[in-house]
Q: 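Structure below; questions to follow.
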Amino acid sequence: MEKQQSDLERDRQYCELCGKMENLLKCGRCRSSFYCSKEHQKQHWKEHKLICKEADKAQVSKQTPEPTPTPTPPPPSGDDKGPEKPLEKISPEQADSASQPQNTNTEAPEVGERPGEDGSKDTATPNGQTSSSPQKLATEYIVPCMNKHGICVVDNFLGAETGLGILENVKALHKTGKFTDGQLVSQKGDSTKDIRGDKITWIEGREAGCEKIRFLMSRMDDLIRHCNGKLGNYTINGRTKAMVACYPGNGTGYVRHVDNPNGDGRCVTCIYYLNKDWTAKEHGGLLRIFPEGKAQFADIEPKFDRLLLFWSDRRNPHEVQPAFATRYAITVWYFDADERARAKEKYLTGAGEKGVKVELGKPSDPS
């Protein structure tokens, strides 16, 4: 029962209206639902009120009464005009247990800033939640998150030491001069540089000097293997090589686009970021996702040791905003077996490097 409560709490760390994942506010009454703004709380009140009062009663029965209760404003006239209590600032620590007293004056940190239980930050922390194994991370966080929102962020994925090793591999690759201009798929006649400004290279993982990148790929494979059969209706049977990308920091980006607009088989986009001390205000380079059917967008900063997953098809158009510092990322796309088979029949040949199928690898040593 406690585990079910924990899973539910973790799954609700998103705006109930738009699904935004960062800088959340908590409903001041039930303390179990989250919103990105007071306006979204008001818009969602008609639906939320059905569970808010019951949740409030459950919380009151669990909590010890405080010596001096905080006065609450009177309910609005008319049951549908808005929530009966304001939103409170909520941090990942506070979100761990809605039944505990909350410090409502604490500014909400960004996703995943809470350290592990031992005080370190070398543990994958999805939205502030630690995970002891790839299987637990996959089944208890990534699967429900992807199935509900189609976007999932995991911070401190591999830890600082491993992340720095991967960054060293990438920087060494960049110095070799093997990066080329990013190419477009099925957009003949367009000027590539007007659409995307990144430099890329494709890595299988067995190349000399890419041992750490190979380990990253094996960890991605581990997660997807544990998710397989639970992500939508997909059966994942392979992936692309890793695309190592660099935006040189001269204001280049990538205009709004869809990774897989025409059913080429890619179902999950998996991106790992390698940018130390990155702040969007100073460096730009946000990945902005426009989830289909929603008025709001999701901004993802390309922070060091952050893993991002999202559906690759038309449900998630996205763009890379202009970057003003060198921005590194590694992307792997995973294939749905049926869609990939249909695509092969339709096109007969693969789409260049992206058409190279790689079976899910076995776990490898980080050395």
Side-chain angles (χ1 to χ4, degrees), residues 7 10-11 14 19 21 124 126-127 131 133-154 157 185-186 202 204-205 216-243 257-273 287 289-294 298 300 306-318 329-363:
D7 290 345
R10 182 181 302 132
D11 192 38
Y14 306 88
M21 296 169 283
N127 215 12
S131 175
S133 70
Q135 182 175 3
K136 185 175 182 181
L137 177 62
T139 58
E140 295 189 6
Y141 178 68
I142 293 175
V143 167
C145 179
M146 285 291 289
N147 287 336
K148 183 174 183 180
H149 302 289
I151 305 169
C152 185
V153 175
V154 180
F157 178 51
V185 177
S186 301
W202 293 90
E204 183 179 353
L216 166 66
M217 295 163 71
S218 74
R219 289 300 301 272
M220 288 179 173
D221 288 352
D222 286 345
L223 282 184
I224 297 299
R225 189 182 296 107
H226 290 304
C227 291
N228 209 359
K230 305 180 183 72
L231 289 174
N233 296 319
Y234 296 124
T235 299
I236 297 173
N237 70 336
R239 58 163 168 78
T240 64
K241 295 180 180 181
M243 185 187 79
H257 65 284
V258 173
D259 285 351
N260 175 16
N262 299 311
D264 64 21
R266 289 176 291 165
C267 59
V268 175
T269 300
C270 197
I271 307 176
Y272 182 72
Y273 293 111
L287 181 74
I289 304 177
F290 304 86
E292 184 183 47
K294 294 183 179 179
I300 311 295
R306 168 172 282 181
L307 183 70
L308 169 67
L309 303 93
F310 57 90
W311 302 132
S312 304
D313 59 20
R314 294 177 182 272
R315 285 172 288 183
N316 284 317
H318 54 282
I330 298 176
T331 304
V332 171
W333 287 271
Y334 287 88
F335 290 125
D336 171 62
D338 291 341
E339 184 178 313
R340 186 63 182 164
R342 291 194 299 270
K344 285 183 175 181
E345 290 179 6
K346 181 177 180 180
Y347 298 109
L348 298 178
T349 60
E353 291 284 355
K354 285 187 180 180
V356 178
K357 176 183 171 182
V358 181
E359 299 298 331
L360 297 192
K362 295 181 180 179

Q: Which residues pass the side-chain hydrogen bond (donor to acceptor under 3.5 Å, both in side chains) test with R315, sequence neighbours left out?
A: Y234, D313
Q: Taking only residues two or more places apart in sequence or in another chain, which ones pass side-chain hydrogen bond (donor to acceptor under 3.5 Å, both in side chains) with T331?
A: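 Result, side-chain hydrogen bond (donor to acceptor under 3.5 Å, both in side chains) vs T331: none returned.
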Q: Rounded to the nearest 0.5 Å, what's the gap from CG on L308 to CD1 on I300? Could you check?
A: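 Atom-to-atom, L308:CG and I300:CD1 are 5.5 Å apart.
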Q: Could you go through the side chain to side chain contact (heavy atoms under 4.5 Å, CB included) check for L137 and I142 one step at a time?
A: CA-CA 6 Å; L137 177 62; I142 293 175; 4.1 Å; yes
Q: The criterion is ring pair (Phe, Tyr, Trp, His ring centres under 6.0 Å); which residues satisfy it with F310, sequence neighbours excluded?
A: H318
Q: Checking side chain to side chain contact (heavy atoms under 4.5 Å, CB included) for the pair R239/M217: CA distance, chi angles, key distance, verdict?
A: CA-CA 10 Å; R239 58 163 168 78; M217 295 163 71; 3.4 Å; yes
Q: Stepwise, does the side chain to side chain contact (heavy atoms under 4.5 Å, CB included) test hold for N262 with R314?
A: CA-CA 9 Å; N262 299 311; R314 294 177 182 272; 3.6 Å; yes
Q: Please find the pair of heavy atoms, one from F157 and one from R219, that lie closest to each other, and give the distance.
A: CZ-CB, 4.1 Å
Q: Nearest 0.5 Å, what's the NE2-CG distance between H226 and D222?
A: 5.5 Å
Q: Once you round to the nearest 0.5 Å, how far does CG of D336 lie from CG of L231?
A: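 If I round to the nearest 0.5 Å, the distance is 10.5 Å.
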Q: Residues in side-chain hydrogen bond (donor to acceptor under 3.5 Å, both in side chains) with N260, at least two apart?
A: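 Scan of N260 (side-chain hydrogen bond (donor to acceptor under 3.5 Å, both in side chains), adjacent residues dropped) gives D264, E339.
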Q: Heavy atoms only: give me the nearest V153-R306 pair and the separation to one decimal.
A: CG1-NE, 3.7 Å
Q: With Y334 as reference, evaluate D221, N228, N237 under the side-chain hydrogen bond (donor to acceptor under 3.5 Å, both in side chains) test and give the passing residue.
A: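 The single option meeting the side-chain hydrogen bond (donor to acceptor under 3.5 Å, both in side chains) with Y334 is D221.
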Q: Drop me the distance from N147's CG to W311's CH2, to the nearest 0.5 angstrom.
A: 5.5 Å
Q: For the residue pair P291 and A298, what are the closest heavy atoms and their distance?
A: CD-N, 4.4 Å
Q: Can you name the closest pair of heavy atoms from A138 and C227 and give their distance?
A: CB-SG, 3.5 Å
Q: To the nearest 0.5 Å, tell me how far S133 OG sits from E140 CD.
A: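 One gets 8.0 Å once the value is rounded to the nearest 0.5 Å.
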Q: If you round to the nearest 0.5 Å, how far is CD1 of I271 from CH2 of W333?
A: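 Reported value, rounded in 0.5 Å steps: 7.5 Å.
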Q: What's the shortest heavy-atom distance between P134 and L223, and which atoms?
A: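 Heavy atoms of P134 and L223 come nearest at O-CD2, 3.5 Å.
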Q: Grab the two heavy atoms, one from V258 and one from S312, that are nearest each other, plus how far apart they are.
A: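 Result for this residue pair: CG1-O, 3.7 Å.
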Q: Who passes side-chain hydrogen bond (donor to acceptor under 3.5 Å, both in side chains) against Y272, sequence neighbours left out?
A: D305
Q: Please name all residues satisfying ring pair (Phe, Tyr, Trp, His ring centres under 6.0 Å) with F290, sequence neighbours left out, ordered by chain then number.
A: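 Not a single residue meets the ring pair (Phe, Tyr, Trp, His ring centres under 6.0 Å) criterion with F290.
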Q: Decide side chain to side chain contact (heavy atoms under 4.5 Å, CB included) for T269 and N316; before the verdict, give the C-alpha distance in whole Å, the side-chain angles of both, and the deciding distance to 0.1 Å.
A: CA-CA 10 Å; T269 300; N316 284 317; over 6 Å; no
